[in-house]
Amino acid sequence: MIELETTRQEGTLRLNLQGKWTFAEADAIKTQLSAIGLEAAVGVVVDASALERLDVTAAWLVYQQAQVWQQQGAEIRFEHFPAEYLGYFEKARQRDQPVMGWGAFLQTPVRRLGQSALALLATLRSFITFFGHSLVGLVVALFSPSTFRFRSVFHHVFSTGISAVPIVALIACLISIVITYQGGGQLRDLGAEMYTVDMVAISVLRELGVLLTAIMVAGRSGSAFAAEIGLMKTNQEVDALRVMGGDPFMILVIPRLVALVIALPLLTILADIMALAAAALISSAILDISFSQFYSRVALNVEFRTFAAGLIKAPFFAVVIALIGCWQGMRVTGSSESLGEHTTKAVVDSIFLVLLLDALFSVLFYQLGF
Amino acid sequence: METIIAVKHLVNQFGSQRVHDGLDLEIRRNEVLGIVGGSGSGKSVLLRTILGLNTPTSGEIYFQGQELTGMKRQELACLKRRWGVMFQRGALFSSLSVADNIQFALREFSHLTPAECRELMLVRLEMVGLEAHVANKFPSELSGGMIKRVALARALVLDPQVLFLDEPTSGLDPVSAEEFDQLITTLHHNLELTVVMVTHDLDSLASVCERIAMLVDKRIVDGTLAELLASPHPQIRQYFSGRRAQAIMRENTWNGMPTTS
Ligand SMILES: Nc1ncnc2c1ncn2[C@@H]1O[C@H](COP(=O)(O)OP(=O)(O)O)[C@@H](O)[C@H]1O
Ligand SMILES: [Mg+2]
């Protein structure tokens, strides 16, 4: 409860503060104080001697009102007001500078364009450096296997590969069911339902199996890499590793890279098998193509290189996903916001690059007649 | 003196490790209580339990006579607004600037205008001895000592009745630590503040704390520094018998400070 007693005497306004002036009463304090008019007073005395309690917020509100009166020409005197508070308030007021931030908005577009171009270059440079570092790390690991962390590789093969088996298998089945239904229906109208087998097998083996697996893994493991390494960055664990003489590349990046290069092709093979199995099942159910017909058709019309053309892409996709994930993790700076941002980037960028790379492979294979 | 917080028969167990075993503690209004004990003796866990961040295995916590564990969430949130906490590692919101870290509670729990919030934030910065330009920095750009100060500023922003500090001066240079102690004393004087501080800093213990609660054998032994120094308990004797401790005690008895309580 706040109580305020005002007395006016010979041009002096005397405020006698009583009760408990605390944060909880901030609103009441503000309204009561601002309701007091100076009128003819040329001096204001704020007397805090009868106060039971005065906390910083309340004191500051009184001080603030006093400043207003001062600007109106009154002379202010504080009595029994904690001197420390007044000291803090004075200094805080003197030090208050305008908030920065407007500068950024007022920059000319040209300057901003230049800055974002430079930022882009810096990002590119950072990635190239990272890429080079990883290559060196791989070479080092190749020539001195003792620096290579097999245990860590096994761990990551498990977490990126084995634990992804159910979801990858499921997705492969689903996509192949979709294609078989959609394609089979159309082709049956033409009396060419046998070609469904070719269509499913070729599209899955060449493109969809590896692509969907890569996208799935980018979502699962790319983000996990970025988050794991990013959190270690924010906790200064990476720095700790460095000062202990450990090489973050050898310890954090290379095992993840190698593990994904092992896991992604295996997952792709699994996806291919599951997709074909699902296609065979659906074909026999709706198109009256028996399993043996399906098998002989695949054996006849689908060459090994169709399968190889898909599988060969898997390690490249794995490298892209692992590198982008680890790189984004390394780019995390202190805040949790930055962690989220880079984790998101890891997924989006690696999926984008996987698709880009896939397009390039298509052109390349076409040119090579593969 | 009136008891503001009481801990009764507290038991905390993690797996097979019993950290507190029937611990009793009373915190009195307007005192500065220092909680000491070896590393890993359960000081932080005790603090977290009082703050309601750790559900005890058994035991009760009373705040102004009300039992906390059985309280409704809303009431509890209201009560907690009267507490200020400074965590051992600061626990600043890393995605907010220093200014927003300090203003957060003001914006959330008061009707003050943004300009007023900002001024009050600057006052808190001034109180903890930081320059105004620090307000625009982010926690990841601060040094350890600055983080402690910002964390204290944040803990003080709602003008709490009880201030909990977990190792406030660890990691500070001696001058800053002494300033920090002085700051706590000043605040305590002016704000009718009850301060509960976990500390290893013998200077703080001697100069700031009026009463000391020591965690010994999973329980609390409390008293003034002089009483603890006179205690025959081997663990307490050991804690205060280090060379640094001895030096500080000597210095302080010369100044006649702690033993005349
Ligand atoms: N969440 C937890 N789970 C398991 N053990 C814990 C947990 N928190 C603390 N401990 C254990 O309780 C003991 C006391 O810890 P703590 O209170 O942090 O020590 P200190 O007194 O140094 O602050 C330590 O042995 C610690 O390992
Ligand atoms: Mg601790």
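Below, each value reflects all heavy atoms present in this structure, side chains not excepted, and no hydrogens, waters or symmetry copies. Numbers restart at 1 for each chain; the letters A, B, ... are given by sequence-line order, proteins then strands.
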Item to complete: Examine whether an atom of Thr113(B) lies under 4.5 Å from a heavy atom of chain A, and if so say whether it belongs to the side chain, the backbone or both; otherwise answer neither.
Response: both
Worksheet entry | Interchain contact, Leu96(B) with chain A, by part (heavy-atom threshold 4.5 Å) | neither
Worksheet item: Can you say whether the rings of Phe127(A) and Phe130(A) are parallel (under 30°), tilted (30 to 60°) or perpendicular (over 60°)?
Response: parallel
Practice prompt. State, without any angle test, whether Arg14(A) and Thr6(A) hold a side-chain donor-acceptor pair at a distance under 3.5 Å.
Written response: no
Can you give me every donor-acceptor pair (side chain of residues 44-54 of chain B, partner residue at least two apart or in another chain, under 3.5 Å) with its distance?
residue  : atom : partner   : partner atom : Å
Ser44(B) : OG   : Gln88(B)  : OE1          : 3.3
Ser44(B) : OG   : Asp166(B) : OD2          : 3.0
Thr49(B) : OG1  : Asn12(B)  : ND2          : 3.1
Thr49(B) : OG1  : Val45(B)  : O            : 2.6
Thr49(B) : OG1  : Asn54(B)  : ND2          : 3.1
Asn54(B) : ND2  : Asn12(B)  : OD1          : 3.1

Item to complete: State which residues pass salt bridge (Lys or Arg N to Asp or Glu O under 4.0 Å) with Glu31(B); sequence neighbours excluded, sorted by chain then number.
Response: Arg211(B)
Worksheet item: Is the CD atom of Glu179(B) crowded by more than 12 outside heavy atoms at less than 6.0 Å?
Response: yes
Response to the item:
Most contact-rich option vs chain A, by heavy-atom pairs under 4.5 angstrom, among Glu126(B), His111(B), Arg124(B), is Glu126(B)
Practice prompt. Report yes or no: do Asp47(A) and Ser49(A) form a side-chain donor-acceptor pair below 3.5 Å?
Written response: yes
Worksheet item: Who in residues 60-70 of chain A is close to chain B, using a strict under-4.5 Å heavy-atom cut-off?
Response: Trp60(A), Leu61(A)
Worksheet item: Using non-hydrogen atoms only, which part of Leu130(B) is less than 4.5 Å away from chain A: side chain, backbone, both, or neither?
Response: backbone
Practice prompt. For Lys345(A), enumerate each residue passing the salt bridge (Lys or Arg N to Asp or Glu O under 4.0 Å) test, keeping only those at least two apart in sequence or located in another chain.
Written response: Glu341(A)
Fill in: Among Glu131(B), Met121(B), Arg82(B), Glu116(B), residue most engaged with chain A (heavy-atom pairs, under 4.5 Å)
Glu116(B)
Discussion item. Quick check on Thr333(A) against chain B: is it the side chain, the backbone, both or neither that has a heavy atom closer than 4.5 Å?
Written reply: neither
Discussion item. I'd like to know if Glu210(B) pairs up with Arg28(B) as an ion pair, taking the criterion as any Lys NZ or Arg NE/NH1/NH2 lying under 4.0 Å from an Asp or Glu carboxylate oxygen.
Written reply: no
Worksheet item: With a cut-off of 6.0 Å (strictly less than), are more than 12 heavy atoms of other residues, nucleotides or ligands near CZ of Phe14(B)?
Response: yes
Discussion item. So which residue, Leu156(B), Leu193(B), Leu112(B), ends up with the most heavy-atom pairs under 4.5 Å with chain A?
Written reply: Leu112(B)
